[in-house]
Every structure is written in structure tokens, then in C-alpha cells.
Amino acid sequence: TRKRDIKDGKAEDLTRQPEQIRAFRDTWELGIHSYLSYLRDRLVIARELLTETGSVFVQIGDENVHLVRCLMDEVMGSDNFVSLINFQKTGGLPSKLLTRTTDYLIWYAKDKEKIKYRHLFVPRTQGDTSLDRYDQIELDNSNTRKLRTDEITGQEPFPKGKRFRAVSLFSQGESEKSRFEFEFMGRSHRPISGRSWATGIEGLEKLKNLGRLILEGHTIRYKRYVNDFAYIPLTERWESIQIGTSLAYVVQTATKVIQRCLLMTTDPGDLVIDPTCGSGTTAYVAEQWGRRWITIDTSRVALALARTRLMSAKYPYYNLADPE
């Protein structure tokens, strides 16, 4: 851990029994077949080690994602496929054609029916496409108006006020109990044919008293403000994952990617294993979030990097809920 120049093939750097050395790099002497064979062996063992609620993630670039997906169908079972997550990296690999800025996470479960899954949400930020639907603003004088395109895109200063979208107050289906008349702005309103009110009379009165109702044409709608819930559900498309300014190798992994995988599929105290350790990112993130971990690599270069990184890192101090 105190040496910065660990090398493969140097006897003096061999701290344990001799082993076959493979530094973590993305070249395979015997081609893609040797990589798939190598990966299959690890996936077979990983499948046996997983709990019934466990998940396995494999990160891969676009060149071989289809081959690894077929391999994982064979080992894990096609019925246990969960998702193909694609995430945007800030750094790109140079190419003669389109620059590649996307990597893929192939996610399989040990048993999809029993998988442990925790839904994640991410903050809604300015410029997010989900904000496009919030196309109206309530000004400080309580007047409302439509936002102009140049205001939504940020080309013009955003006016002071509360941004909102007008949401339908009708639900599918007809129910006599939910097709009552409601007075608003001097007019009587009733659901259109085939629809019912989405809430009862008390709910409508409460929205009215809070100034949350708006009339568009002849239809009464509900004002949903951006700040009502300033988060959006995490989907299979992860944008702008920060990994620094340049890529050292193809599937270099961002801490945020592993963080999301851990938070989605584990709880504090759960055990995580990474059979291709690299620089120890999985162990580093697991330690930060209170997960137990085992990390493995066949290269002493990778192990030296990971060991130094883990022993020199700072981690949060956790207080027990019941210290006694």
C-alpha cells in the first residue's frame, strides 16, 4: 500500500502466492471469445452466490453489449432480465464517426419475482425535459399566463412567479357518486361523458380555497406547481453521469453509477461482491453507504490501487439507532 510503482511480473512485488496475472485492461489476446468465456465462469459462480432477492449488474460498451446480453440470458435465464440501463458519460472515446458517450448496465435478477428493489428519485433540474410540460406561470400579482418558448429554453430571463401545469381533474370511467355539479367562477361544472371527478366535493372545495383551480376554456383544471414534488423517478436512461474529463479505459465506472445500483437493490448491511475489482470503486461506494463488501481481482496492480484507495479514503461515521 505504500508503493506507487507496482508492476506485473516483478517477483519483489509479489506479496502472496504466485498467480496468473491479468491487469485490468480491455484487450483480450484471444479475442472476444476468451472474454465471454472468462465472463461466463464468473457469472455462473455469481448466480450461485446470490440470494433469492439479489441482482447482478454487468457494465459494457456498445460493441459487445448484445453478446453479453445473450450470455446472461443463458446463465441467469431470460425471464430474469430486469433492465438495460444506458448512461451518458461526460468523457467520450474518440471515433472516426460518432463519438461514443454512452455505456450500458445489463441488470439481471436471481429471481425476478423475488427481487429486492428500492425506487429512486432524482432532483428535477433546470433544463430537464420533464419541465417542458410546466408551461404556465402564476405571477406575483396572482395573474397567470403561458410561458413563451424562449423563456422555457432559457433564452430570455425567467419571470418571477410560481411555475405550474394545468392537470385534468377527470378520471376514467363513470360513477354516479363522482358526477356531481361543482360551482367555480360563477359557473356550474360537470364531468364530460365517460369521465368522473378525480376527487370528491370536499377535495374540490379545498383546491378552490387554496387557489389551485384554473379555468381553461370551459374546463376546470388543477394547478400542479413544479415545487409540489421537485423530483422525478429514476428511469433506465441516466444522463450526465460525471466521471471526470477523460477515460482511461472503456468501461471505467463512475461512483454515481455504482451508488445507484447499490441503493436500488440493497439495504444497509447487505453484502456486495465485485469479482472484477479494478480500482476498488464498488468497495469504496459500498463502504460509504453502509454495505458489506468483498472485492476480487487477478491483477496485483489492481489490488495495490484498490487497497491504497480504500485505506486512505474517508467514510461517514454512522450512529446506531440503538447504541445500547
Side-chain angles (χ1 to χ4, degrees), residues 83 85 115-241 256 259-260 263-265 267-268 289 319 321:
S83 183
I85 301 167
I115 187 174
K116 178 184 290 187
Y117 175 64
R118 309 290 181 240
H119 211 122
L120 299 186
F121 294 85
V122 293
R124 196 196 309 269
T125 56
Q126 188 67 33
D128 195 291
T129 54
S130 64
L131 284 173
D132 293 347
R133 293 171 293 175
Y134 290 82
D135 58 352
Q136 299 192 57
I137 191 160
E138 183 181 289
L139 303 173
D140 292 342
N141 58 8
S142 296
N143 291 333
T144 63
R145 70 169 176 84
K146 285 275 189 179
L147 288 168
R148 300 193 306 270
T149 303
D150 54 5
E151 292 173 335
I152 294 176
T153 57
Q155 296 174 355
E156 290 293 327
F158 204 80
K160 290 185 178 181
K162 299 168 68 176
R163 190 171 179 176
F164 71 93
R165 57 182 290 208
V167 181
S168 173
L169 276 168
F170 301 143
S171 62
Q172 296 284 350
E174 289 192 30
S175 170
E176 287 303 317
K177 293 182 179 179
S178 300
R179 288 186 54 79
F180 51 86
E181 292 190 352
F182 179 70
E183 294 288 333
F184 180 66
M185 296 188 70
R187 293 182 53 186
S188 180
H189 300 271
R190 187 179 179 86
I192 60 177
S193 178
R195 302 290 182 90
S196 303
W197 291 113
T199 184
I201 186 68
E202 292 182 358
L204 290 173
E205 288 290 349
K206 185 178 292 186
L207 291 173
K208 178 180 177 181
N209 294 334
L210 290 172
R212 284 296 191 105
L213 297 182
I214 187 173
L215 192 63
E216 289 192 339
H218 299 289
T219 305
I220 182 174
R221 289 180 174 270
Y222 156 66
K223 289 193 284 189
R224 176 178 291 171
Y225 297 111
V226 167
N227 293 332
D228 283 348
F229 189 70
Y231 298 86
I232 54 176
L234 192 67
T235 66
E236 88 289 355
R237 187 179 65 187
W238 299 353
E239 296 181 357
S240 300
I241 298 293
K256 185 183 288 188
Q259 174 186 312
R260 287 181 176 180
L263 295 179
M264 282 195 305
T265 58
D267 292 320
W289 290 94
N319 291 314

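Counting heavy atoms from C-beta on, the side chains of Pro159 and Leu147 come closer than 4.5 Å. Within the 4.5 Å cutoff, side-chain heavy atoms of Ile137 are placed close to those of Arg145. Side-chain contact between Ile220 and Trp197 is present, with at least one heavy-atom pair separated by less than 4.5 Å. Considering only heavy atoms from C-beta on, His189 stays 4.5 Å or farther from Glu181 through its side chain. Using a 4.5 Å heavy-atom threshold, the side chains of Ile85 and Met264 count as touching. Looking at heavy atoms from C-beta onward, Arg195 lies out of side-chain contact with Ser171 at the 4.5 angstrom threshold.
Note: Arg224 CZ to Ser168 OG = 10.5 Å, rounded to the nearest 0.5 Å. Rounded to the nearest 0.5 angstrom, Arg221 CZ and Leu215 CG are separated by 10.5 Å. Atom CD1 of Ile214 is separated from atom CG of Leu169 by 11.5 Å, given to the nearest 0.5 angstrom. Taken to the nearest 0.5 Å, the CZ atom of Phe182 stands 10.0 Å off from the OG1 atom of Thr199. Rounded to the nearest 0.5 angstrom, Arg260 CZ and Leu120 CG are separated by 8.0 Å.
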Worksheet item: Given the rule in the side chain to side chain contact (heavy atoms under 4.5 Å, CB included) test, do Asp267 and Arg118 qualify, once you have shown the distances and angles that lead to the verdict?
Response: CA-CA 9 Å; Asp267 292 320; Arg118 309 290 181 240; 2.8 Å; yes
Item to complete: Before giving the answer on salt bridge (charged side-chain N to carboxylate O under 4.0 Å, His left out), spell out for Glu138 and Lys223 the whole-Å C-alpha distance, their side-chain angles and the decisive distance to 0.1 Å.
Response: CA-CA 10 Å; Glu138 183 181 289; Lys223 289 193 284 189; 2.5 Å; yes
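Within a 6.0 Å radius of CD in Glu216, more than 12 heavy atoms belonging to other residues, nucleotides or ligands are found. More than 12 heavy atoms of other residues, nucleotides or ligands lie within 6.0 Å of NE2 in His119, so this atom counts as buried by the packing criterion.
In this structure a side-chain-to-backbone donor-acceptor pair under 3.5 Å is present from Asp228 to Tyr225. Looking only at distances, a side-chain donor or acceptor of Arg163 sits under 3.5 Å from a matching main-chain atom of Tyr134. Proximity of a side-chain donor or acceptor of Arg190 to a complementary backbone N or O of Arg179 within less than 3.5 Å is detected.
For Arg165 and Asp135, the salt-bridge test fails: no basic side-chain N is under 4.0 Å from an acidic carboxylate O.
Looking at every heavy atom in both residues, Glu183 comes nearest to Ser188 through OE2-CB, 3.4 Å.
A perpendicular orientation is assigned to the rings of Phe229 and Phe121, their planes being inclined by more than 60° (bins at 30° and 60°).
Gln136 and Thr144 are not linked by any side-chain donor-acceptor pair at a separation below 3.5 angstrom, with hydrogens and angles left out of the test.
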